[in-house]
Chemist: 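Here it is, the structure in full.
Since the structure is predicted, the reported quantities are computational estimates derived from the model, not experimental observations.
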Amino acid sequence: PWRQKKKIGCGTEKESRRNSKGPSPIKIIFQKLWPFGSADRNEPASLHAIGATEILLIFAVSMMRTWHQNQMVYVKRDLMTVTYTRNMSAFRGLMFDAGWMSVLASVIFSTHRYLKERLAALWREKLTKQLHSRYFHAMGYYKLSHLNNQKIPDVAERIVKDPRRFTKSLADEVEKLSAGLTSGLWFTYKLYTISSPLEALSPLIYMFVCWNLSLKVTPNWSKKWKIMLDKRSKYVSAQSRLQIHSEAICAYQGNDVERMIIDGAWEDFLGFCMTYVYDASIYQFVMNAFFTYGGHSVAEFLILFPFMNPEGAAKKDYLRSIEGTSSASEHNDVLIKANSALMGAVRYRLEYYIRAFSAQGVVISGMRGLMSMSGPAKRLTQLFDTLDQFIKNQKESTQFVDTPNTIAFENVQVFTPTNNLLIKDLNFRIESGTNMLLTGCNGSGKSSIFRCLGGLWTIPEGGTISKPGGNSVGLN
């Protein structure tokens, strides 16, 4: 009966989790950063549009990269041909073309990198402003530290470091995906023009199959990354507490206890890091087998098969071109021309397959990168949701009444954030121009009355606080 009850409970938990599943954290944060479309009603239009120009320029430079790569295919093919035939004049012209194309490549790639870094910085600014608008609204920083039961203990790291982690990774993926999509579409089309549709789509088919197989061995990086950051924050918090309260710890001889706490937090963090490294190594082995070395083997086969197949058009053209010569010198000249044409054709095909596989590999790498961003995204989403809930609770509160000339408590129960009752059924009224003295021993609730009056602590339903400003936070 116990096993049956446990199984039913697990099934119910899975069912509820499935029903409550919402948008992914990456999608939520991405929507906060994406500059196109309609803006949120609480977001200024100037803030919403941040990054739009940089994204358009990144895609424009990606198309320039694709054009440059396509031109280099022709240059490398012709270089192979003229080197084999020893045509010096054509060789010098092609080397000049290769030189200025290399300079152009440096300009294009440097521009792409600059736009990517600029986009990351702008998105970080945008995300930080969105967090600050909530963090400082109605003293949200106080509520996070005192009223949230330490559900988010590392607020500083989530505001300072997590936006940098997420926006830098997202800008990297935007650059990769823009370059991969533009070059992937173009070189797949070029493969189609020089081969069959099946050969042109074979890199995409291979990548698609490998991607779906790799998903079966992919750990939940979002969960692992979040756990690792939380454990590190716990260790850092233990160190910070030791520094802040070092005098009291020394006075009360708490050295051994504090060392045990810090050592325990460090060993917990280090143990999880070792597990993370092991899982990452296995995952990287599978990814290399599928997308690096396996991709190279498949590409080599697809490149050379038309030239090795006796029934292939390329092989027949080559054999036909070297037949029917009358003399040895004529045969040698024909053989050199045929071999140079063959090597040029191999190089031409090689370049297109390399470009197609590389582009699709970049897209797959970008998708893997997006998966690794789930950890920071989930931490940021939790922070946004908590701050938004504070704002919502304040707006929906009915316990405050706006009275410009009166401060009054009616049937107010004063509870601490840990749910301890300090004062029961508090009632008093102060008119403008009068005074009242609060007295009591330490911990009796004198300061707590002001926390309730300022809207920092919530009060249960049934009680009402009247003050200038109503439910606005602060004493006004």
Side-chain angles (χ1 to χ4, degrees), residues 16 20 134-156 158 230 233-234 237-238 240-242 244-245 247-249 251-252 254 257-258 261 382-476:
S16 62
S20 62
R134 294 162 171 81
Y135 190 58
F136 292 101
H137 178 83
M139 300 185 187
Y141 53 88
Y142 176 88
K143 297 174 182 177
L144 276 175
S145 60
H146 288 79
L147 307 180
N148 203 36
N149 296 325
Q150 289 296 306
K151 292 179 181 177
I152 304 180
D154 54 340
V155 176
R158 298 197 191 204
D230 290 342
S233 298
K234 185 177 179 181
S237 298
S240 300
R241 189 182 68 164
L242 176 63
I244 294 171
H245 303 289
E247 186 175 356
I249 292 169
Y252 290 98
V257 174
E258 290 299 317
I261 293 172
Q382 185 183 11
L383 182 58
F384 270 110
D385 290 345
T386 303
L387 291 171
D388 287 338
Q389 189 61 44
F390 289 154
I391 297 173
K392 181 181 178 182
N393 292 342
Q394 184 216 355
K395 290 181 178 178
E396 295 178 352
S397 174
T398 59
Q399 276 76 46
F400 289 90
V401 178
D402 185 8
T403 52
N405 299 313
T406 305
I407 293 176
F409 278 53
E410 299 177 12
N411 300 321
V412 173
Q413 322 293 327
V414 179
F415 282 88
T416 66
T418 55
N419 209 30
N420 293 322
L421 179 63
L422 290 179
I423 306 173
K424 183 178 181 181
D425 296 332
L426 178 61
N427 290 274
F428 66 86
R429 186 178 188 85
I430 310 173
E431 299 295 339
S432 178
T434 62
N435 303 305
M436 185 171 74
L437 176 66
L438 291 176
T439 63
C441 60
N442 290 338
S444 61
K446 302 183 299 296
S447 301
S448 302
I449 291 176
F450 281 93
R451 294 189 182 103
C452 294
L453 180 63
L456 296 178
W457 287 9
T458 58
I459 61 174
E461 293 185 5
T464 304
I465 297 178
S466 302
K467 67 166 186 173
N471 66 348
S472 61
V473 175
L475 299 178
N476 296 312

Chemist: Measure the shortest side-chain to side-chain distance between Trp457 and Tyr142 over non-hydrogen atoms and say whether it is less than 4.5 angstrom.
Modeler: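 Heavy-atom side-chain distance check passes, below 4.5 Å.
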Chemist: Nearest 0.5 Å, please: how far is CZ in Arg451 from OG1 in Thr458?
Modeler: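 Answer for the OG1-CZ pair, Thr458 versus Arg451, is 13.0 Å.
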Chemist: Before you tell me yes or no, could you show the steps for Phe409 and Asn427 under side chain to side chain contact (heavy atoms under 4.5 Å, CB included), namely the whole-Å CA-CA distance, both residues' side-chain angles and the distance that decides it to 0.1 Å?
Modeler: CA-CA 5 Å; Phe409 278 53; Asn427 290 274; 5.9 Å; no
Chemist: Suppose the criterion is salt bridge (Lys or Arg N to Asp or Glu O under 4.0 Å): which pairs have a residue in residues 416-436, not counting sequence neighbours?
Modeler: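 For residues 416-436: Arg429-Glu431.
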Chemist: Could you give me the CA-CA distance, side-chain angles and deciding distance for Val155 and Tyr141, then say whether side chain to side chain contact (heavy atoms under 4.5 Å, CB included) is met?
Modeler: CA-CA 9 Å; Val155 176; Tyr141 53 88; over 6 Å; no
Chemist: Under 3.5 Å, is there a donor-acceptor pair between the side chain of Thr464 and the main chain of Gln399?
Modeler: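 No; judged by distance alone, with no hydrogens or angles, the pair does not exist.
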Chemist: Quick one: does Ile407's side chain get under 4.5 Å of Met436's, heavy atoms only?
Modeler: no
Chemist: Under 3.5 Å, is there a donor-acceptor pair between the Asp385 and Gln389 side chains?
Modeler: no
Chemist: Is a donor on one side and an acceptor on the other found under 3.5 Å between the side chain of Lys446 and the backbone of Cys441?
Modeler: yes
Chemist: Would you please test Ile152 and Arg158 for side chain to side chain contact (heavy atoms under 4.5 Å, CB included) and show each step?
Modeler: CA-CA 9 Å; Ile152 304 180; Arg158 298 197 191 204; 3.5 Å; yes
Chemist: Can you sort out the partners of Glu247 under salt bridge (Lys or Arg N to Asp or Glu O under 4.0 Å), two or more places apart, ordered by chain and number?
Modeler: none
Chemist: Within the structure provided, determine whether Ile423 and Ser448 are in side-chain contact (heavy-atom separation under 4.5 Å).
Modeler: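 Counting from C-beta outward, Ile423 and Ser448 never come under 4.5 Å.
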